[in-house]
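Step one of this worksheet: look at the structure below.
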Amino acid sequence: MTEERKSVAAAAGIDPRLLEILVCPLTKTVLRYDAERNELVSLAARLAYPIRDGIPIMLPEEARRLEDDAA
Amino acid sequence: MNQMPRDLAQIENAHVEEAYARWAPIYDLAFTAVMAPGRRAAVAAAQRLGGKVLDVGVGTGLELPMFDADVELVGVDLSEPMLRRAQDRIARDSLTRVKGLCVMDATRLAFADGTFDATVAPYVLTVVPDPQATMAELARVTRVGGEIVLVNHVGAEAGPIAWIERWMGKRSASLGWRPEFPWAILGDWIASRKDLKLVERRKIAPLGLFTLTRIEKLF
């Protein structure tokens with residue numbers, strides 16, 4: 001992760017070390033951190049997991065589907 | 001669509017989420033004293049192994065202050081209301097050892113294989129809809145040479161306590177947990193996995209109500 005990404009993550013209340021170890025709960029593949037939407041994006045599962053008040057919600061049923069917007 | 005088993009599990013998870021949303025405000029008051037020795041024993045066993053520990057079913061974070069300050073902890077739970085209580089506790093007590101909290105289903109953990117030196121699950125197996133799938137995930141995210149540490153109420157196999165537990169078992173949907181939990185559920189599962197070894201099983205003093213279990217990941 002870049003230094004810029006780390007400071008962005010810290011500003012969102014997430015420890016960068018946590019972001020580094022999280023994977024998609026369905027595909028177990030890496031996630032992309034979308035700082036603008038404050039989401040963790042799984043391209044493999046086409047899902048975006050929300051981060052609410054510093055807590056990533058890693059449940060597929062609570063994730064946003066990526067079908068309409070090309071992430 | 002072959003969705004049946006997943007849907008059934010989701011209904012059970014909804015019960016658990018609902019039950020713990022109700023328990024969250026009074027959980028600490030109701031359960032602190034009787035469960036604390038088990039939590040302390042689990043913490044001591046888990047942090048022996050090194051730096052990174054995953055706490056599955058961290059709830060309101062009752063055991064978080066029991067860990068040494070140099071342990072790197074991550075806590076997960078299915079119940080967001082319970083995690084909000086844990087978040088308050090972390091802020092109030094400045095628990096910098098906690099690197100993060102996440103809402104997760106214990107049967108679908110969002111960590112890569114072998115991420116943690118130890119995974120600890122205090123009082124969890126008796127409340128999850130699928131204990132074996134949960135155990136499989138705990139084993140997956142634990143590194144080789146690491147350990148899974150459990151504390152549970154393992155049910156009595158006969159006698160009046162067993163009778164009461166069976167009666168309570170019928171009410172487990174509203175309680176949010178399952179008072180009946182025979183050792184065989186865990187014992188048979190460990191025996192079926194060549195890569196895992198039971199290294200310790202002991203009753204926690206003073207009451208002996210709860211059992212500490214340590215399982216090593218061999219390869």
Side-chain angles (χ1 to χ4, degrees), chain A residues 1-69 71, chain B residues 3 6-7 9-11 13-14 16-17 51-56 58 61 71-88 90-91 95-117 119 133-134 136-137 140-143:
Chain A
M1 199 183 292
T2 66
E3 285 308 310
E4 190 195 329
R5 273 272 165 79
K6 281 185 188 175
S7 57
V8 169
I14 300 285
D15 192 310
R17 277 166 294 185
L18 177 65
L19 288 190
E20 275 167 17
I21 60 171
L22 286 175
V23 299
C24 175
L26 290 181
T27 59
K28 317 295 186 193
T29 49
V30 289
L31 297 164
R32 191 173 58 77
Y33 175 55
D34 180 339
E36 239 163 73
R37 285 182 180 261
N38 208 21
E39 288 176 336
L40 293 164
V41 178
S42 168
L43 291 176
R46 311 282 309 152
L47 291 173
Y49 300 94
I51 300 174
R52 284 203 288 263
D53 299 321
I55 296 185
I57 314 293
M58 306 307 290
L59 302 175
E61 50 276 24
E62 301 229 5
R64 184 174 62 84
R65 295 199 167 277
L66 292 182
E67 271 146 65
D68 352 57
D69 61 314
Chain B
Q3 286 268 347
R6 199 69 247 171
D7 287 351
Q10 292 309 323
I11 289 164
N13 273 347
V16 175
E17 280 186 74
K52 286 192 183 147
V53 177
L54 175 66
D55 188 323
V56 175
V58 65
V71 172
E72 285 190 20
L73 274 170
V74 176
V76 303
D77 203 284
L78 184 63
S79 168
E80 191 180 338
M82 296 284 275
L83 286 182
R84 294 296 166 199
R85 299 241 154 194
Q87 211 175 21
D88 292 345
I90 290 163
L95 299 174
T96 54
R97 73 207 72 169
V98 185
K99 302 307 169 201
L101 299 171
C102 304
V103 177
M104 284 188 202
D105 178 337
T107 64
R108 288 192 293 205
L109 293 176
F111 302 106
D113 299 3
T115 301
F116 298 96
D117 298 302
T119 50
T134 301
E137 274 294 85
R140 186 183 65 77
V141 302
T142 303
R143 71 164 165 84

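All values reported here derive from a predicted model rather than from experimental measurement. Just so it is clear: chains get the letters A, B, ... in the order the sequence lines come, proteins before strands, and each one is counted from 1.
For A/L26, the part lying near chain B is the side chain, with the backbone staying farther off; criterion is any non-hydrogen pair under 4.5 Å.
With rounding to the nearest 0.5 angstrom, the SG atom of B/C102 is 7.5 Å from the CD1 atom of A/I21. Rounding to the nearest 0.5 Å places CD1 of A/I57 at 4.0 Å from CD of B/E80.
In terms of modelled atom types and a separation under 3.5 Å, the side chain of A/K28 and the main chain of B/L109 share a donor-acceptor contact. Side-chain atoms of B/Q87 come within 3.5 Å of backbone N or O of A/D53 as a donor-acceptor pair.
Looking at heavy atoms from C-beta onward, B/D105 lies out of side-chain contact with A/P25 at the 4.5 angstrom threshold. Between B/R84 and A/R52, some side-chain heavy-atom pair lies under the 4.5 Å cut-off. Side-chain contact between B/L78 and A/L59 is present, with heavy atoms from C-beta onward closer than 4.5 Å.
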